[in-house]
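Working notes for the structure below.
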Amino acid sequence: MPELPEVEVTRRGLLQDLPGCLVKKITWSNKSLREPIPRKLLVRYIEGNRIKTIDRRAKFLLFRMVNNSTMVIHLGMTGKISLLSVGEPRARHDHLRLFLDKEKELRLNDSRRFGSIAVWPPAESIQLEKNFSRNIGVEPLSNDFHPDNLMAQVRRRTQPVKTFLMDSRRVAGIGNIYANEILFDAMIHPLTPVNRIPRQAWEKIILSAKKILQEAINSGGSTISDFLGTSGNPGYFQVKFKVYGQGGEKCRKCSKNIYKTVIGGRSTFFCSHCQTMK
DNA sequence: CGGCGCACCTGAGTGC
DNA sequence: TGCACTCAGGTGCGCC
């Protein structure tokens, strides 16, 4: 399910109930996700402790514990976190179950197992987070997402702007769907080399990104009440995308054809009439 | 160093 | 109904 908006909506949903909860017991599947599940660290630092709050960095959820440890979860392509009432039967592809007080269970289900779970022990948490964050680009909803910042990074680069927006070391949290949608909104051709984008166009990309991501978060916000219960995940919010998945359809702005191609190995949708190289 | 292709894994959909 | 094949929202490695 997850790009930045979906992860953020998940975070906000969990924030309604999780802070203060005690993690009484943790169980896991016998399969690895992207990396092996850190069982020993989960038992040592998360089990028996209380959740303080939940933060987000890029598409990672950071569960801050009262003992200053942190559980870091990435949802990959198919990861879903649900907050369930105790007694929900286990399901195929459940990989992590946190049994909480207040008759609740936090569960991670991930069929493709591209997700990940890490634990930062209290003593190393600050340093580990520093290293972690250093390898991740600017948060697009922050004030640091600014033409100065981006243009300084792209002087020598020729990669397509779509690839740049999706590169987590440059910009955090933008995946294939929203990269397509943002560039349509900004009227920029996805193949435009980043070193040939003028400041004005960067300003537009930034505004479009903030707008598109914020709209997605807002529309997901209305589904937060679905968190309790098995069907509880917001997914892509039934948002009607303007270009993603619309190959062969008519452009909403100019009625010309929307093309589908592949950039950086990912499906790319755009209107060659509305979206130009500046 | 920058940029690209590919692997990782399962499930859904399509066409024969 | 079954089989073979394609594609999918993410990330990081290795290769040129």
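Within every chain, numbering begins at 1; the chains are lettered A, B, ... in the order of the sequence lines, protein sequences first and strands thereafter.
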>> Tell me whether the side-chain N/O atoms of A:His93 come closer than 4.0 Å to OP1 or OP2 in B:dG11.
In response: yes

> With respect to the side chain of A:Lys260, which nucleotide from C:dA8, C:dT11, B:dC4 is positioned closest?
Replying inline: C:dA8

> Is there a Watson-Crick or G-U wobble partner for B:dC9 with both distances under 3.5 Å, and if so, which one is it?
Replying inline: none

>> Just the rounded figure in Å: distance from P of C:dA8 to CD1 of A:Ile263.
In response: 13 Å

> Atom NZ of A:Lys162 and atom P of B:dG3: how far apart are they, to the nearest Å?
Replying inline: 16 Å

> Taking the same atom, P, in C:dC7 and in B:dG5, what whole-Å distance lies between them?
Replying inline: 15 Å

> Base, sugar-phosphate, or nothing for A:Thr158, non-hydrogen atoms under 4.0 angstrom?
Replying inline: sugar-phosphate

> How long is the line joining CG of A:Asp94 and P of B:dT10, in whole Å?
Replying inline: 15 Å

> Among B:dC4, B:dT10, C:dG10, which is the nearest nucleotide to the side chain of A:Arg92?
Replying inline: B:dT10

> Using atom P of each nucleotide, how far apart are C:dT6 and B:dC6 to the nearest Å?
Replying inline: 14 Å

> Expressed in whole Å, how much space separates the P atoms belonging to B:dC9 and C:dC3?
Replying inline: 23 Å

> For A:Thr78 and C:dA8, is the shortest distance between a side-chain N/O and OP1 or OP2 below 4.0 Å?
Replying inline: no

> What nucleotide among B:dT10, B:dC4, C:dG10 has an atom nearest to a side-chain atom of A:Arg112?
Replying inline: B:dT10

>> In this structure, how many angstroms lie between the C1' atom of B:dG11 and the NZ atom of A:Lys80, rounded?
In response: 10 Å

>> Does C:dT11 have its OP1 or OP2 closer than 4.0 Å to a side-chain nitrogen or oxygen of A:Lys59?
In response: yes

> When you check the gap from the basic side-chain N to the acidic O, do A:Asp55 and A:Arg64 get nearer than 4.0 Å?
Replying inline: yes

> Which whole-number value in Å describes the distance from A:Phe269 CZ to C:dC7 P?
Replying inline: 11 Å

> Given atom CE of A:Met77 and atom P of C:dT11, what is their separation to the nearest angstrom?
Replying inline: 10 Å

> Is it true that atom CG of A:Asn143 has more than 12 heavy atoms of other residues, nucleotides or ligands lying nearer than 6.0 Å?
Replying inline: no

> OP1 or OP2 of C:dT11 sitting under 4.0 Å from any side-chain N/O of A:Arg34?
Replying inline: no

> What nucleotide among B:dC9, B:dC4, B:dT10 has an atom nearest to a side-chain atom of A:Phe114?
Replying inline: B:dC9

> Of the candidate nucleotides B:dT10, C:dG10, B:dC4, which contains the atom at the shortest distance from the side chain of A:Pro160?
Replying inline: B:dC4

>> Regarding A:Arg50 and A:Asp101, does a basic nitrogen lie under 4.0 Å from an acidic carboxylate oxygen?
In response: yes

>> Measure CG/A:Asp167 against P/B:dG3 and give the value in whole Å, please.
In response: 9 Å

>> What's A:Gly265 touching, base or sugar-phosphate or nothing? Going by heavy atoms closer than 4.0 Å.
In response: nothing

>> By nearest atom, which of the nucleotides C:dC7, B:dC9, B:dG11 is closest to the A:Arg113 side chain?
In response: B:dC9

>> Rounded to whole Å, how long is the line connecting atom CG of A:Leu4 with atom C1' of C:dT11?
In response: 16 Å

> Given A:Gln246, which of A:Lys260, A:Lys240, A:Arg252 fulfils the side-chain hydrogen bond (donor to acceptor under 3.5 Å, both in side chains) condition?
Replying inline: A:Lys240

> Can we say A:Asp148 and A:Arg199 salt-bridge, meaning some charged N sits less than 4.0 Å from an Asp/Glu carboxylate O?
Replying inline: yes

> Salt-bridged, A:Glu139 to A:Arg56, with N to O below 4.0 Å?
Replying inline: yes

